[in-house]
Amino acid sequence: MSSRPPSISSDVRMRGFSQRAEVGVGLNWIDANAQALPGEDVSLDDVVSRVLSVDVSAAIAVPEFNRAAMDGFALRGAETTGAGEYNPLEFKVVGQSMPGRPFEGGIAPQSAIRIMTGAPVPEGVDSVVPAEYATEQNGMLVITRAVAPGQHVGHVGEDIALGSTVLSAGRRLRPQDAGVAASLGLPRLAVVRQPRVRLLVTGNEVRAPGESKKPFEIFDANSSMLRGLVRRDGGIVESHVRLGDDPSSIREAMARPGADVLLISGGSSVGTEDHAPRLLAELGELAVHGVAMRPSSPAGMGRVGETLVFLLPGNPVSCLCAYDFFAGRAIRRLGGLPAQWPYRQTQAVVARKIVSQIGRVDYVRVRLGAEGVEPLALSGASMLSSTTRADGFVVVPADSEGHGPGSDVTVHLYEYV
Ligand SMILES: Nc1nc2c(c(=O)[nH]1)N[C@H]1C(S)=C(S)[C@@H](COP(=O)(O)OP(=O)(O)OC[C@H]3O[C@@H](n4cnc5c(N)ncnc54)[C@H](O)[C@@H]3O)O[C@H]1N2
Ligand code: MOO
């Protein structure tokens with residue numbers, strides 16, 4: 001615990017914000033303070049969606065041996081020249097090669113071996129005549145089609161060359177990436193550690209859904225939403241508590257080690273029970289408190305030791321917006337993911353004016369109708385259904401008064417890329 005007294009700016013209770021930081025100040029603070037976490041070795045069975053922390057190069061070639069690409073007979077392609085329906089050619093069958101059980105021995109001229117797809121093609125022969133053009137009887141093979149040398153044979157390293165870089169650091173691993181690593185014989189991969197995120201949900205009035213509540217209490221909308229957002233951004237919920245508005249419980253939960261990121265829902269503003277900003281200033285650093293944006297103007301951020309802390313306003317839309325602008329970016333960066341929003345974007349024409357105020361960034365929930373983009377009429381920061389009725393949102397920059405009908409805007413769809 002720091003002995004530093006709270007500065008004037010850290011205790012805004014019942015005083016209000018004298019000034020608010022620009023959104024860019026918050027984003028810059030995050031970019032300076034959230035770097036990719038170190039790597040950890042993870043079983044191949046669990047690497048999909050994780051971010052690779054070092055390049056993977058091939059210590060073996062795939063395939064490691066020339067292998068048949070068809071079921072049939074391996075022979076010398078040059079000896080099949082001229083074979084056809086009206087010119088069947090004969091070979092002596094001297095053995096067979098099966099997957100994992102190669103033919104061992106010499107193969108004299110005019111000889112062939114029976115071979116199955118994936119089986120090693122022995123020394124001396126170089127092509128495979130597919131079974132469709134071959135008949136075997138009493139140890140003799142008759143073929144009715146010529147094959148060029150090398151035909152129907154998969155060659156050493158044609159899938160993955162020895163020593164080549166197969167997957168690069170920073171890649172979010174796909175199921176087929178795990179398969180490729182497995183084909184190189186790698187049981188584990190080094191991936192960026194997932195940020196551990198602690199959710200502290202404040203508010204004496206807040207009850208878990210399913211619990212009984214008194215008439216003036218409310219159900220907790222932010223917890224489930226934040227859990228989903230954290231998972232979307234590659235974080236792990238380290239712990240999650242609803243702890244009312246008692247400052248000593250909040251302080252204890254903030255000071256406990258074990259999390260890379262702390263998300264504190266509620267108590268971010270200037271009310272008498274809004275303790276989080278002051279506690280953050282006391283325990284560590286309150287870097288930003290109050291942002292020139294709407295909603296989420298009481299949002300804040302800072303750190304306690306190595307833990308990055310985000311103050312998310314209690315109003316659910318503000319909570320979502322502050323998470324998306326700030327906390328989500330930090331979690332994605334810590335986890336090695338791209339910083340930008342994972343929302344699909346589309347360009348569209350404004351049908352009804354989107355109003356904003358110069359000097360603040362506006363997060364405007366919109367619908368995409370047949371006529372174009374329309375801001376939602378009912379869209380207060382406490383109305384979370386505005387974000388489920390909306391198709392997406394438009395961000396109006398601080399230097400703009402909004403967008404008139406007919407102008408082109410970028411809509412961030414509430415749909416993940
Ligand atoms: N005098 C001022 N008052 C307020 C200001 C201001 O600048 N001056 N800012 C307003 C804005 S904007 C917001 S947003 C809120 C944010 O306040 P807090 O972060 O302190 O949040 P609370 O007071 O705890 O809660 C606000 C609101 O949200 C409800 N809530 C809280 N937690 C949850 C939850 N988990 N699930 C659903 N709803 C929740 C809570 O009951 C309140 O109704 O401050 C304004 N005031
Ligand atoms: O921004 Mo508050 O963030 O409007 O409800």
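Every number for a ligand or one of its atoms is a count from 1 in the order of the listing. Heavy-atom basis, side chains included; hydrogens, waters and symmetry copies ignored.
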Heavy-atom distance to atom 10 (C) of ligand 1: which of C321, S269, S297, P313 wins? S269

Mind checking whether [X] has a heavy atom under 4.0 Å from ligand 1?
X    : result
R20  : yes
P316 : yes
G203 : no

Side chains of [X] and [Y]: donor-acceptor distance under 3.5 Å anywhere?
X    : Y    : answer
D324 : Y343 : yes
N315 : S318 : no
N222 : Y323 : no
R365 : S386 : yes
D71  : T117 : yes
H240 : R198 : no

Less than 3.5 Å between some nitrogen or oxygen of [X] and one of ligand 1, yes or no?
X    : value
G314 : yes
G267 : yes
F17  : no
D274 : yes

Return the residue, atom name and 0.1 Å-rounded distance of the protein heavy atom closest to [atom].
atom                    : result
atom 38 (N) of ligand 1 : I218 CD1, 3.2 Å
atom 19 (O) of ligand 1 : S268 OG, 2.6 Å
atom 1 (N) of ligand 1  : V270 CG2, 3.4 Å
atom 27 (C) of ligand 1 : N315 OD1, 3.2 Å
atom 35 (N) of ligand 1 : D220 OD1, 2.8 Å
atom 13 (C) of ligand 1 : P298 CG, 3.7 Å
atom 34 (C) of ligand 1 : N222 ND2, 3.4 Å
atom 40 (C) of ligand 1 : E205 OE2, 3.1 Å

Tell me the closest heavy-atom pair linking [X] and [Y], and the distance in Å.
X    : Y    : answer
P342 : R232 : CG-NE, 3.6 Å
I107 : S111 : CG2-CB, 3.7 Å
Q194 : E40  : N-OE2, 4.3 Å

Less than 4.5 Å apart, any side-chain heavy atom of L368 and any of T346?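 They are in side-chain contact.
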
Which atoms of ligand 1 are found less than 4.0 Å from any heavy atom of [X]?
X    : result
S318 : 14 (S)
V206 : 32 (N), 33 (C), 35 (N)
F219 : 36 (N), 37 (C)
A221 : 34 (C), 36 (N), 37 (C)

Who passes ring pair (Phe, Tyr, Trp, His ring centres under 6.0 Å) against F17, sequence neighbours left out?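 Checked F17 against ring pair (Phe, Tyr, Trp, His ring centres under 6.0 Å); matches are H289.
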
Results of ring pair (Phe, Tyr, Trp, His ring centres under 6.0 Å) for H403 - residues two or more places apart only: none

Mind checking what makes side-chain contact (heavy atoms from CB on, under 4.5 Å) contact with L308, not counting sequence neighbours?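 Testing L308 for side-chain contact (heavy atoms from CB on, under 4.5 Å), a comparison that skips the adjacent residues, returns W29, N33, A34, R303, F310, A330, L334.
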
Just checking W341 against Y416, ring centres under 6.0 Å apart?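 They do not qualify: ring centres at least 6.0 Å apart.
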
State plainly whether the residues D177 and R171 are in salt-bridge range, i.e. N to O under 4.0 Å. yes

Between D233 and R329 (salt bridge meaning N to carboxylate O under 4.0 Å), is one present in this structure?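 Looking at R329 together with D233, the answer is no, because their closest N to O distance does not fall below 4.0 Å.
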
Between ligand 2 and the protein, tabulate every N or O atom pair separated by less than 3.5 Å, reporting distance only.
from, atom 1, to, atom 2, distance (Å)
ligand 2, 1 (O), S296, N, 2.6
ligand 2, 1 (O), S297, N, 3.4
ligand 2, 3 (O), S296, N, 2.4
ligand 2, 3 (O), S318, OG, 2.5
ligand 2, 5 (O), N315, ND2, 2.9
ligand 2, 5 (O), S318, OG, 3.0

Where does V201 meet ligand 1, judged by heavy-atom distances below 4.0 Å: at the side chain, the backbone, both, or neither?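 Within the 4.0 Å criterion, V201 contacts ligand 1 through side-chain atoms alone.
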
